[in-house]
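Note that this is a predicted model, so its numbers are computed, not measured. Residue numbers start at 1 and run along the sequence shown.
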Amino acid sequence: QVQLVESGGGLVQPGGSLELSCAASGFTFSMYGMAWFRQAPGKEREFVAAINRSGWTKYYEDAVKGRFTISRNNNKNLVALQMNSLLPEDTAVYYCGAFSPGGYSRDPGEYDYWGQGTQVTVSS
């Protein structure tokens, strides 16, 4: 049974930091590209960051470059998103997704598996 379980969300003040984690099981994690997307109320799910299956190549949406860092541990089947200098506009439900070709896509419709999401709220 495939599972992606996100954790680490919460309420943080502007300028603060959070680290999200996604634990994967039920598929060969090291063969999949992994990504984080987010979805704010009333908006479509949007790409945030991705990492290829080896972990050597990373991709970021322009609005988070320099603030967010994606990483993965293929021995532990984990992907993480370190988020610094958070802004109110970062408020959303954050989802991790698995992409079987191993690279990445900005189209959420091309992802094979999704987690249930974790809420991130940036507010004073």
Side-chain angles (χ1 to χ4, degrees):
Q1 180 183 357
V2 171
Q3 281 194 308
L4 291 172
V5 180
E6 300 98 334
S7 61
L11 173 64
V12 62
Q13 292 187 342
S17 298
L18 281 175
E19 183 175 29
L20 306 183
S21 293
C22 174
S25 61
F27 64 101
T28 307
F29 180 76
S30 61
M31 296 301 292
Y32 283 70
M34 297 298 297
W36 289 93
F37 283 71
R38 64 188 179 187
Q39 189 165 16
K43 295 189 176 181
E44 295 185 349
R45 191 169 297 191
E46 67 173 6
F47 172 80
V48 175
I51 188 166
N52 75 336
R53 56 188 179 181
S54 70
W56 283 33
T57 307
K58 304 176 183 181
Y59 314 85
Y60 296 96
E61 196 269 330
D62 286 346
V64 307
K65 281 182 182 176
R67 300 190 296 123
F68 291 11
T69 302
I70 189 170
S71 61
R72 69 186 294 160
N73 184 326
N74 285 347
N75 292 323
K76 296 183 178 180
N77 288 4
L78 292 173
V79 60
L81 185 69
Q82 177 65 45
M83 305 187 295
N84 299 327
S85 302
L86 283 161
L87 304 169
E89 48 264 45
D90 294 319
T91 295
V93 178
Y94 283 70
Y95 299 89
C96 69
F99 183 66
S100 61
Y104 93 109
S105 171
R106 292 174 179 264
D107 180 355
E110 295 188 359
Y111 281 72
D112 298 89
Y113 308 123
W114 291 100
Q116 81 291 346
T118 185
Q119 176 70 48
V120 172
T121 303
V122 185
S123 175
S124 55

Shortest non-hydrogen contact from [X] toward [Y]:
X	Y	value
N84	S17	OD1-OG, 2.9 Å
Y32	A98	CD2-CB, 3.8 Å
G33	R72	CA-NH1, 4.1 Å
S123	P14	C-CD, 3.6 Å
E61	R106	CA-NH1, 4.1 Å

So do [Y] and [X] actually touch side chain to side chain, heavy atoms under 4.5 Å?
X	Y	answer
I70	Y60	yes
T28	S30	yes
V120	R38	no
M83	V12	no
Y95	Q39	yes

How far does [atom1] of [X] sit from [atom2] of [Y], to the nearest 0.5 angstrom?
X	Y	atom1	atom2	answer
F27	N77	CZ	CG	7.5 Å
W114	L4	CH2	CG	9.5 Å
F29	C22	CZ	SG	7.0 Å
C96	Y111	SG	OH	11.0 Å
T91	Q119	OG1	CD	7.5 Å
N52	T57	CG	OG1	4.0 Å

| field | Intermediate values then yes/no, side chain to side chain contact (heavy atoms under 4.5 Å, CB included), F68 and L86 | value | CA-CA 9 Å; F68 291 11; L86 283 161; 3.8 Å; yes
Report whether [X] and [Y] are members of the same hydrophobic cluster (ILVMFWY, side-chain heavy atoms less than 4.5 Å apart, transitive linking).
X	Y	answer
F99	V48	no
L81	I51	yes
W36	V2	yes
V79	F47	no

| request: For T118 and Y94, indicate whether the former's side chain and the latter's backbone hold a donor-acceptor pair under 3.5 Å. | output: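 Side chain of T118 to backbone of Y94: no pair is present.
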| Donor-acceptor under 3.5 Å (E6 side chain, G117 main chain) |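 It does hold such a pair.
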| message | Please determine whether the number of non-hydrogen atoms from other residues, nucleotides or ligands lying under 6.0 Å from atom CD of E89 exceeds 12. | response |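 More than 12 heavy atoms, drawn from other residues, nucleotides or ligands, come within 6.0 Å of this atom.
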